[in-house]
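These notes are about the structure you will find just below.
In this text, all values refer to a predicted model and were calculated from it rather than measured experimentally. Order of the sequence lines sets the chain letters (A, B, ...), proteins ahead of strands, with each chain counted from 1.
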Amino acid sequence: MTQKAPRTAIQPTRAQDYAEWYQQVVRAADLAENSAVRGCMVIKPWGYAIWENIERVLDRMFKETGHKNAYFPLFIPKSFLEKEAAHVEGFAKECAVVTHHRLVAGPNGGLIPDPKAELEEPLIVRPTSETIIGASFAQWVKSYRDLPLLINQWANVVRWELRTRLFLRTTEFLWQEGHTAHATETEAREETLKMLDVYSVFAEQYMAIPVIRGPKTASERFPGAVDTFAIEALMQDRKALQAGTSHFLGQKFAEASGIKFLDATGTQNFAWTTSWGVSTRLVGGLIMTHSDDDGLVLPPRIAPAHVVIWPVYRGDETKEAISVVIDEAARALRAASFEDRRLEVEVDRRDNSGGDKQWEWIKKGVPLRIEVGPRDLAAGTALVSRRDLGPAGKQAIPFAELAARVPELLAQMQSDMFARALAERDAHTHAIDDRAAFDAFFTPRNPNKPEIHGGLALSHWCGSANCESTLKDALKVTIRCIPSYGIAGAKAAARINEPGHCIVCGEPSTMRVVFAKSY
RNA sequence: CGGGGCGUAGCGCAGUUUGGUAGCGCGCUCGGUUCGGGUCCGAGAGGUCGGCAGUUCGAAUCUGCCCGCCCCGACCA
């Protein structure tokens, strides 16, 4: 037995090179990989199963709030996109455009778009679907009795990004986009906030990612929105991640698409619309919130498998006996539930060494690992390890109690993970009123090498776009959101509504906003 | 798209300056030995050295062009 070096399963560590660590975690956990298509990823089964769980839970929450799923075209006529001025401006530079509908043999071999098969009007691969869905809404809505119209779609979208990172920003990504139309402004605004609330409940209670809810500043708004609200999370490198957005679109898109209805008095009105979405980016947020230097750590409510169980044996005699026990344990566990889900149990019978399996499952982030060996067999117990605790956290649990104890351990792990992430965020959230301190907080010591520093600064802002861009230009720091609904965590919460003076110009300010570097 | 870095086996890399026909660790396969936080020994498989063109008797190595990836910037969920 060799004294193990302080070797981490993922190299480099977060502290050494955070960006590289992130990529290595994705690879080591077998979540996704780059594809032959630049900027587009292949989501592998373990990664896709995480997305499926996100989808499953959110879909249920959307249904519970009255929404129905539908599906709209991948292609958007160019003229549709042109209908809303701000919308065009926001998306025009990152659109994939389809111009032909046929290929023919080219002069130098290979295929070229057939010049005779050029589309009369180019089609845009949807970067978002407000305009194409708006066209349908315009047909569906005639009367106030048709409202509210509450629709969601699960889809892929394409935004031709210059720089991509697996899950965080890819050219094609998966998401859901909710689109609703309402008879009144009040109702549409309520819807916008209701869905923001759904997102924050989901992020915190399922993903165990603490988030700050609030409106965005004008410069951070969705192109064409009247108001954009977001949930913002702090990653372990202390950069913020916008994890979901909900937009109040006013009547802008209704006007652009002609969504009109007759109200009870017989007057023609434009509807009030909203849209809201979360994407596969959430998986990136999950990774960067919880994972450690040994790889992925998955919150039980979202993990593809709750438990992996494998035998540890010396000779063939015990092997047989242990195998029987493993089967029984797996059967008992699969009959049990963790909240609304049957326990998902992986049984690893490969004849690899125990150490190899151990590390493989650690890197994949399975919440609980269960080993059954000769000692356990004799004692009638199984050795259970929680992914978020070190080897010292292993505990022996009698076989008969496994099915009852495993859900308890999962519940505990789920809440511990959230508490840990919240404590981490609080530790890096500071009220800063002095410009020099603000600059120091956000200035990397070595600009050429990514470095963990900074965090969330709660500072005063006068409300001017000018002061906002001053900080963006100088420090690459932006206002992540205005924390209108408070921030969980006593220390930070207490100081939000203190009056003060703009960190840039010194004008009076009534509340603090959240500044950070971001993804 | 601008600045920087890098493309050699599945992963991580050496070899490139000083051209001579490809290597190391991990992983993988087989045999044995082990198995409770990465067991050890032996035998194997696996690479048109990112691509194309050039220089040369000979190119991973030199030259040109192209492609891709990563980091920083501009933009974004």
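Under a cutoff of 6.0 Å and an axis angle of 45°, A:R126 and A:F75 do not form a cation-pi pair. Geometrically, A:K93 does not engage A:W160 in a cation-pi contact, judged by NZ or CZ lying under 6.0 Å from the ring centre and within 45° of the ring axis.
Donor-acceptor pairing under 3.5 Å, judged by distance alone, is absent between the side chain of A:R159 and the base of B:C76.
Take A:H290 and apply the ring-ring contact (aromatic ring centres under 6.0 Å, His included) test, not counting sequence neighbours, and it matches no residue.
For the residue pair A:T478 / A:R480, a side-chain donor-acceptor distance below 3.5 Å is found, with atom types taken as modelled. Using modelled atom types and a 3.5 Å distance limit, the side chains of A:N53 and A:Y48 yield no donor-acceptor pair. With 3.5 Å as the limit, one finds no donor-acceptor pair spanning the side chains of A:E191 and A:T274. There is no side-chain donor-acceptor pair under 3.5 Å between A:T131 and A:E84. With no hydrogens or angles considered, no side-chain donor-acceptor pair links A:E177 and A:S275 at under 3.5 Å.
Residue ring and base: A:F173 counts as stacked with B:A77 (centre distance below 5.5 Å, interplanar angle below 30°).
Regarding contacts with the backbone of B:C70, every side-chain N or O of A:R163 stays at 4.0 angstrom or more from both OP1 and OP2.
The distance from atom CZ of A:R169 to atom C1' of B:C71 is 14 Å, rounded to the nearest whole Å. Taking atom CZ on A:R38 and atom C1' on B:G7, their separation rounds to 15 Å, with Å as the unit. Rounded to whole Å, the distance from CZ on A:F442 to P on B:C72 is 17 Å. The distance from atom CH2 of A:W160 to atom C1' of B:A74 is 19 Å, rounded to the nearest whole Å. Rounded to whole angstrom, the span from the CG atom of A:N156 across to the P atom of B:A77 amounts to 17 Å. The CD atom of A:Q24 sits 12 Å away from the P atom of B:C70 (whole-angstrom rounding). For A:F222 and B:C75, the CZ to P distance is 18 Å, given to the nearest whole Å. B:A77 atom C1' lies 10 Å from atom CD of A:E232, rounded to whole Å.
With both ends at atom P, the span from B:G3 to B:C66 equals 13 Å, rounded to whole Å. Here the separation of B:C6 from B:U16, taken at their C1' atoms, is 14 Å to the nearest Å. One P atom belongs to B:C69, the other to B:G36, and the distance between them is 41 Å to the nearest Å. B:U33 and B:G42 have their C1' atoms separated by 11 Å, given to the nearest Å. Taking atom P on both B:G38 and B:C1, the two are 50 Å apart, rounded to the nearest angstrom. Using atom C1' as the reference point in both B:U8 and B:G23, the two lie 10 Å apart (nearest Å). Comparing B:G46 with B:C24, their C1' atoms are spaced 15 Å from each other, to the whole Å. Spacing of P atoms, B:C70 relative to B:U17, comes out at 29 Å, to the nearest Å.
Remark: B:U34 base-pairs with no nucleotide in the shown strands. Criterion, Watson-Crick or G-U wobble with two distances under 3.5 Å. Across all strands shown, the partner of B:G44 is B:C28, judged by Watson-Crick or G-U wobble contacts whose two distances both fall under 3.5 Å. The pairing partner recorded for B:U21 is none, the criterion being a Watson-Crick or G-U wobble arrangement whose two distances lie under 3.5 angstrom. Pairing for B:G73 goes to B:C1, judged as Watson-Crick or G-U wobble with the two contacts each under 3.5 Å. Base pairing of B:U63: its partner is B:A53, meeting the Watson-Crick or G-U wobble criterion (both donor-acceptor distances under 3.5 Å).
The six-membered or imidazole ring of A:F442 lies near that of A:F438, with a centre-to-centre distance under 6.0 Å.
Distances were taken from every side-chain heavy atom of A:T170 (C-beta onward) to each of B:C35, B:G36, B:A77; the shortest belongs to B:A77. Comparing atom distances between the A:K476 side chain and each of B:A74, B:U39, B:C11 picks out B:A74 as nearest. The nucleotide whose nearest atom lies closest to any side-chain atom of A:R165 is, among B:G12, B:U39, B:C71, B:C71. Each of B:G12, B:C35, B:G38 was ranked by its minimum atom distance to the side chain of A:V312; first place goes to B:C35. Residue A:Q23 places its side chain closer to B:C70 than to any other of B:C70, B:C75, B:A77.
Where A:Y519 and A:Q358 each meet RNA chain B at their nearest nucleotide, the meeting point lying more 5' is that of A:Q358.
In this structure, A:W21 and A:Y18 have tilted ring planes: the angle between them lies in the 30° to 60° band.
At a non-hydrogen distance threshold of 4.0 Å, A:I362, A:K363, A:R369, A:E371, A:G373, A:P374, A:R375, A:D376 from residues 362-379 of chain A come into contact with RNA chain B. Contacts of residues 278-302 of chain A with RNA chain B (heavy atom under 4.0 Å): A:S279, A:R281, A:D294.
The only member of A:H67, A:H179, A:Q176 that meets side chain to side chain donor-acceptor pair (under 3.5 Å) when paired with A:N152 is A:Q176.
Atom CD of A:E89 has 12 or fewer neighbouring heavy atoms from other residues, nucleotides or ligands inside a 6.0 Å radius.
At the heavy-atom level, A:A9 lies under 4.0 Å from base atoms of the strands shown. If you check every strand for non-hydrogen atoms under 4.0 Å, A:Q242 touches sugar and phosphate atoms only. Note on A:G90: nothing from the nucleic acid sits closer than 4.0 angstrom, heavy atoms only.
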